[in-house]
Amino acid sequence: MATKKVTDRVTPTFFKEHQEKLYQALEDKHTTIEILEDKDPLSTEMILNMGPQHPATHGVLRLALQLNGEMIEKAKVDVGYLHRGVEKIAENKTYQEFMPYTDRMDYLSPYSNNVALCTAVEKIANVEVPERAHYIRMIGCELARISSHLLWLGTLVMDAGAVSFFIWTFREREKLYDIFDQMTGHRFTVSHARIGGVANDITDTAMAMIKDFANEFPQELTDWHGLLDRNRIFFDRNEGVGVLKTEEALEKGAAGPTLRGSGFAYDMRKISPYARYDEVEFEVPTRLEGDNLARYYVRMEEMHESIRIIKQCLDKLPKGPVRTDNAKQAYPSKDEVYYSMEGMIHDFMMTDTGICPPEGAEAYHAVEAPKGELGYFIQSDGTGHPWRLKIKAPSFANIQILEHILDGEMIADTVVIIGGVDPVMGECDK
Amino acid sequence: MALQLNESLQNVVDGLSESFTDELIDVYQSSGDTFVRIIADANVEICRYLKEEHHFIYLVDVFGTDRFTSQDRFEVIYNLVSLRDQQRLFVKVWLPEENPEIESVTDVWASANWYERQTYDMFGIQFTNHPDFRRIYMPEDFEYFPMRKEFPLLGIPGSIPLPSSTPDTK
């Protein structure tokens with residue numbers, strides 16, 4: 001006797017075709033569907049819909065899970081609830097105008113996204129960036145990495161059952177917001193990088209705050225290690241959960257800490273160093289286990305490495321301009337704009353037309369964002385607007401592997417696994 | 001313009017032009033990135049060759065572009081990385097405006113699954129032999145392909161049904 005199909009029993013009312021296709025995909029997931037006995041009406045099998053509005057899915061992620069008791073037999077992920085079409089918007093904006101949209105992609109680490117866009121545009125349009133700007137960008141990127149990992153840590157531990165921990169990581173995040181406020185003028189969506197440099201130099205106050213943070217934060221991290229590294233509950237919830245095997249990690253296209261937790265030291269900062277990452281010393285932490293605990297260790301060690309990079313940057317920070325002094329490539333400084341006619345004209349031209357890469361040029365540049373390789377592919381038609389701008393979002397790649405690693409897990413571990421993979425829907429859905 | 005390839009990429013290009021003389025159309029560089037354009041029918045074969053012979057084991061991305069030309073309007077680009085040689089290579093395929101269709105590379109790299117769905121969703125490029133071929137961002141009920149150049153920036157009014165704003169009406 002054939003199994004009853006979900007599609008025969010239900011008729012969705014809203015987005016009819018979409019829902020039906022999703023049910024169909026659940027049934028199609030494995031090519032060999034066993035013919036089961038007609039089920040007892042009180043059987044334990046059910047299909048559970050999680051999200052899109054679910055507090056533990058970190059945004060508007062929707063999962064359709066086919067359960068057998070507490071086990072997930074098959075999982076399907078439905079994304080797109082935050083799709084805003086930023087790639088389409090990019091084609092209708094100048095490169096600089098598009099920058100605030102990148103803040104809202106991976107909204108947990110806006111600084112890295114700004115830098116990713118800028119480095120790609122600088123590559124395609126051949127813009128030189130002053131030494132000091134490179135170091136300021138590195139400091140900003142590493143602070144953003146810590147900020148993003150702090151949110152991941154707080155929510156992961158909260159998903160595993162300890163609520164107060166969330167408050168402690170957010171206390172540290174608050175300090176980072178204050179630093180960004182001083183450094184860039186905004187707490188959250190910073191838009192600090194500019195094509196050809198950064199918007200403004202680091203003030204002395206911001207400098208002192210970064211130094212304080214770099215000195216005090218390692219102690220906090222050590223305390224957290226002390227709390228979690230030998231914690232039986234935390235271990236039981238994370239060890240051997242959501243395993244992505246080493247041989248599968250590349251095949252399935254994992255990115256960032258998820259890939260490194262499965263044993264590949266793939267880090268754009270080492271493979272194709274941008275900014276001045278080749279001049280600072282740091283390690284790329286990796287683990288072989290590929291489970292949630294491995295991802296925990298990788299990210300914790302990354303925070304240590306970030307502090308190490310920030311300290312080296314503060315020592316090495318050279319003096320000099322923070323933006324290239326070429327009016328055809330970058331905005332002039334505000335001093336020039338307010339007090340000279342040429343500066344005013346150049347400012348207007350940059351806003352109106354913007355930087356124009358050569359016609360027919362194509363370039364791809366990727367940075368190591370907290371979530372993984374974040375790349376921008378740009379095709380130019382010689383105007384100030386990109387002909388095509390493609391964003392390679394690490395969260396998109398990581399959510400894809402959820403379909404794979406959720407199969408065979410317990411329903412209670414779903415939120416922990418999502419927390420461990422650490423996706424951001426703003427970036428995944430674009 | 002003469003190509004400036006490093007040793008490992010030179011190997012790849014030499015290997016490709018030897019084994020796939022007829023399928024290889026163009027090799028060029030732009031802003032330091034290397035692009036290889038091949039004919040559409042050979043995409044799976046060449047991708048498998050690159051993966052097995054030249055260690056391009058990591059598929060970073062698959063995406064489309066709309067060239068908006070009368071011939072060969074659509075372009076599909078594969079972004080490949082070799083971890084052993086730490087090299088990046090872009091493989092390009094051009095497809096016609098009418099019924100753009102290409103074979104899926106999910107058999108070569110499983111990660112192509114979602115990337116190809118995304119390309120279909122945005123440009124309407126059909127991938128054959130794909131294990132789970134659906135739209136990904138837009139709902140199935142949506143009839144348009146939003147990243148095509150003729151799709152208006154403001155969207156098409158009425159193309160997506162919105163839920164009723166009063167709760168008790170159906």
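Residue numbers begin at 1 in each chain, while the letters A, B, ... track the order of the sequences. Below, each value reflects all heavy atoms present in this structure, side chains not excepted, and no hydrogens, waters or symmetry copies.
A distance of 8.0 Å separates CG of D429(A) from NE2 of H83(A), quoted to the nearest 0.5 Å.
The interface of residues 5-15 of chain B with chain A, defined by heavy-atom distances below 4.5 Å, is empty. The stretch residues 80-98 of chain B places V81(B), L83(B), Q86(B), R88(B), F90(B), K92(B) near chain A, each with some heavy atom under 4.5 Å from a heavy atom of that chain.
Heavy atoms of P146(B) lying under 4.5 Å from chain A belong exclusively to its backbone. In this structure, the portion of N79(B) lying under 4.5 Å from any heavy atom of chain A is its side chain and not its backbone. The part of K51(B) that comes within reach of chain A is its side chain, from C-beta onward, which places non-hydrogen atoms under 4.5 angstrom from that chain. In this structure, chain A has heavy atoms under 4.5 Å from both the backbone and the side chain of D141(B). Both the backbone and the side chain of K88(A) come within less than 4.5 Å of a heavy atom of chain B. Heavy atoms of Y115(B) lying under 4.5 Å from chain A belong to its backbone as well as its side chain. Both the backbone and the side chain of M138(B) come within contact range of chain A, judged by heavy atoms closer than 4.5 Å.
For the residue pair D61(B) and Y364(A), no side-chain donor N or O sits within less than 3.5 Å of a side-chain acceptor on the partner.
At least one test fails for K371(A) against the ring of F396(A): distance under 6.0 Å to the centre or angle within 45° of the axis.
Ring geometry for Y277(A) against F282(A) counts as perpendicular: the plane angle is over 60°, on a 0 to 90° scale with 30° as the lower cut.
Taking chain A as the reference chain and counting heavy-atom pairs below 4.5 Å, the highest number among D121(B), N113(B), L59(B) is found for N113(B). Between chain A and the residues F151(B), F35(B), F142(B), the most heavy-atom pairs under 4.5 angstrom are made by F35(B).
Taking every heavy atom of both residues into account, I136(B) and Q118(B) meet most closely at CG2-CA, 3.6 Å.
Using a 4.0 Å cut-off between charged side-chain N and carboxylate O, K390(A) and E75(B) make no salt bridge. Salt-bridge check for R117(B) with D132(B): passed, with a basic side-chain N closer than 4.0 Å to an acidic carboxylate O.
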